[in-house]
Amino acid sequence: MGLAYPAGMSFVRKPRPYSSGLPSAPVSAPRAPWVPKEKAPRPARPRGPRSSWAGAVTALAGLGALLVLVVGLSGLWNAVARDWQFRSAAAGVLDVVR
């Protein structure tokens, strides 16, 4: 069976009494503008050794750049060596053919 609801229960949203757009209380006088208090100057703290995430991230970025450079140079060296081996083998084949 379905749920039984009390008679007269409606799911249509009824307007609220304060939704007429008019203020419910009389308007008060505007307040004076807020002026911040003057703060006393803070005493300077001594700076200790800085161990922050920024230094760690910078170091990791530098290591990553170094790794990319090493891998790139290694790939370039391998390409040059393979090319040299191919030319050497081709020269050997040409010597045999002559």
V35: hydrophobic cluster co-members (side-chain, 4.5 Å): none

Remaining members of hydrophobic cluster (4.5 Å side-chain criterion), F86: none

Any residue meeting side chain to side chain donor-acceptor pair (under 3.5 Å) with D83, in chain and number order, not counting sequence neighbours: R87

Between CH2 on residue W53 and CG on residue L60, distance to nearest 0.5 Å: 9.5 Å

Candidates L76, N78, V71 - the one meeting side chain to side chain contact (heavy atoms under 4.5 Å, CB included) with S74: N78

